[in-house]
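Here the structure is a predicted model, which is why all the values come from computation and not from measurement.
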Amino acid sequence: MPLDSSANRRDILRILASGALLAAGIRPSAAGAARIEHLIAQARGLEQISQRIDFISGALRGSPYKENTLIGGPRRPEQFVVRDDGFDCVTFCETVLAAALARDMAEFETALRDIRYRSGMVSWFERNHYWFEWSQHNVENNTCRTIVMDGAVPIEKTVYWHRELGKRKFAMQVIPSATLLANKSRLASGDIVGFVTRRPNLDYFHVGFIAFGAGGELLLRHASQSRHRVLDERMDRFVAQNRVRYVTLLRPEQPAAASVAAKKGI
């Protein structure tokens with residue numbers, strides 16, 4: 001499904017999606033909204049988005065890992081979900097990033113829809129199911145930019161994990177894990193790291209945030225299925241234990257810079 005950068009289509013779909021949500025009476029849970037709103041307010045004084053991501057993601061450590069937190073399917077209406085009582089690796093990144101971009105709950109919900117769905121339209125078929133497409137979409141909408149390192153190599157993936165979406169072929173520039181570990185100085189807190197899977201029919205197996213320990217050690221902050229919660233792990237240990245061969249990196253953009261870039265069409 002090719003990405004559509006048309007502003008007119010995006011705006012129309014967002015209006016339609018908002019109307020559908022209001023008609024359905026779908027709202028985020030009060031408890032989840034209250035906690036997220038509190039974190040947004042606490043982080044508001046931090047100038048850099050990397051600082052806000054580090055603060056908000058750190059505050060969510062200990063939250064339980066939960067699968068299937070989103071509601072919808074090919075034959076089931078999609079619902080816009082906001083929750084803070086549990087995350088998988090992707091919804092953790094989405095929630096933290098949207099909160100770091102926002103100044104209040106209205107901006108948070110708009111940001112989350114734009115991050116999670118193409119055109120901001122709440123639909124299962126518009127959801128970014130594959131991390132490659134998630135990354136591509138959020139680079140094109142100026143939420144993030146790609147980080148490239150010397151030694152990156154091109155690979156191709158043909159994915160069909162979601163059979164209802166058909167086969168898709170992705171051409172990817174990926175970073176060897178040894179290069180990632182050797183270039184800690186080029187990384188920043190809040191960078192988003194995607195771990196490329198060895199499976200032939202899928203693109204990635206996990207995602208999380210770059211973080212740093214008190215002694216400067218490189219950490220992965222993520223919602224861990226095997227550890228059942230959001231936590232920090234040493235990046236070198238995670239890479240070794242999971243036999244990670246390749247990764248990709250995204251850096252979230254400052255909201256003001258993203259807005260200017262969007263207006264300029266770059």
Side-chain angles (χ1 to χ4, degrees), residues 29 31-32 35-36 38-39 42-43 50-71 81-100 112 115-116 127-132 134-135 144 161 174-184 187-199 201-252:
S29 69
R35 186 181 185 194
I36 292 167
H38 183 61
L39 289 174
Q42 286 185 301
S50 60
Q51 297 173 306
R52 296 195 292 277
I53 289 173
D54 190 57
F55 172 80
I56 294 168
S57 63
L60 293 173
R61 282 176 295 188
S63 300
Y65 181 93
K66 287 190 177 181
E67 294 182 327
N68 304 316
T69 56
L70 301 185
I71 301 171
V81 175
V82 177
R83 57 190 300 173
D84 75 333
D85 60 332
F87 307 95
D88 63 24
C89 63
V90 174
T91 58
F92 175 63
C93 289
E94 290 177 337
T95 301
V96 170
L97 179 57
L112 185 59
I115 289 166
R116 183 175 292 165
R127 196 197 300 174
N128 296 303
H129 293 280
Y130 292 110
W131 186 254
F132 176 84
W134 192 104
S135 300
C144 299
W161 187 261
V174 297
I175 301 168
S177 58
T179 302
L180 171 76
L181 297 175
N183 284 273
K184 182 175 72 171
L187 302 174
S189 297
D191 288 347
I192 305 172
V193 55
F195 299 93
V196 179
T197 183
R198 294 173 182 259
R199 292 182 181 182
N201 64 337
L202 191 61
D203 51 350
Y204 293 78
F205 74 91
H206 197 57
V207 298
F209 290 110
I210 295 291
F212 294 92
E217 61 271 26
L218 182 61
L219 303 175
L220 171 64
R221 180 168 295 163
H222 63 133
S224 170
Q225 184 178 29
S226 61
R227 304 286 290 277
H228 313 298
R229 65 188 188 280
V230 175
L231 78 163
D232 292 344
E233 289 190 65
R234 285 184 61 109
M235 184 69 77
D236 55 354
R237 292 177 184 168
F238 181 89
V239 166
Q241 289 170 357
N242 291 279
R243 299 173 58 243
V244 175
R245 188 176 183 187
Y246 296 121
V247 303
T248 57
L249 291 164
L250 297 173
R251 180 160 295 167

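- Rounding to the nearest 0.5 angstrom, the gap separating the OG1 atom in Thr95 from the CZ atom in Phe87 is 5.0 Å.
- Here the shortest heavy-atom pairing between Gly208 and Cys93 reads CA-SG, 3.8 Å.
- Residue Val82 comes nearest to Ile36 through the heavy atom pair CG1-CD1, 3.6 Å, listed as atom of the first residue, atom of the second, then distance.
- When all heavy atoms of Arg116 and Val81 are compared, the pair lying nearest together is NH1-O, 2.9 Å.
- Among residue pairs with one or both ends in residues 204-226, those qualifying as side chain to side chain donor-acceptor pair (under 3.5 Å) are Asp54-Arg221, Ser57-Arg221, Glu67-Gln225, Tyr204-Thr248, His206-His222, Arg221-Asp232, His222-Glu233, Ser224-Ser226; sequence neighbours excluded.
- The CG atom of Leu249 lies 10.0 Å from the CD1 atom of Ile192; values are rounded to the nearest 0.5 Å.
- Other residues, nucleotides and ligands contribute more than 12 heavy atoms inside 6.0 Å of the CZ atom of Arg61.
- In this structure, CG on Leu220 lies 13.0 Å from CZ on Arg237, to the nearest 0.5 angstrom.
- Residues Leu60 and Leu39 are in side-chain contact: their nearest non-hydrogen atoms beyond the backbone lie under 4.5 Å apart.
- By the 4.5 Å heavy-atom criterion applied to side chains, Tyr246 and Ser177 are not counted as neighbours.
- Residues satisfying the salt bridge (Lys or Arg N to Asp or Glu O under 4.0 Å) test with Arg229, not counting sequence neighbours, are none.
- Contacts of Arg245 classified as salt bridge (Lys or Arg N to Asp or Glu O under 4.0 Å), with partners at least two apart in sequence or in another chain: none.
- To the nearest 0.5 Å, the span separating CG on Leu219 from CZ on Arg234 amounts to 8.0 Å.
- Contact detail for Ser63 and Arg35: the closest heavy-atom pair is OG-NH1, 3.7 Å.
- Distance check, rounded to the nearest 0.5 Å: OG1 of Thr197 to CH2 of Trp131 gives 15.0 Å.
- The distance from atom CZ of Phe55 to atom CZ of Arg52, rounded to the nearest 0.5 Å, is 12.0 Å.
- No more than 12 heavy atoms of other residues, nucleotides or ligands shown are found within 6.0 angstrom of CZ on Arg199.
- Side chains of Leu218 and Phe212 form a contact here, defined as non-hydrogen atoms less than 4.5 Å apart.
- Taking each heavy atom of Phe92 and Phe209 in turn, the nearest pair found is CE2-CD1, 3.7 Å.
- Contact record, Thr91 with Asp88: N-OD1, 2.7 Å, taken as the closest heavy-atom pair.
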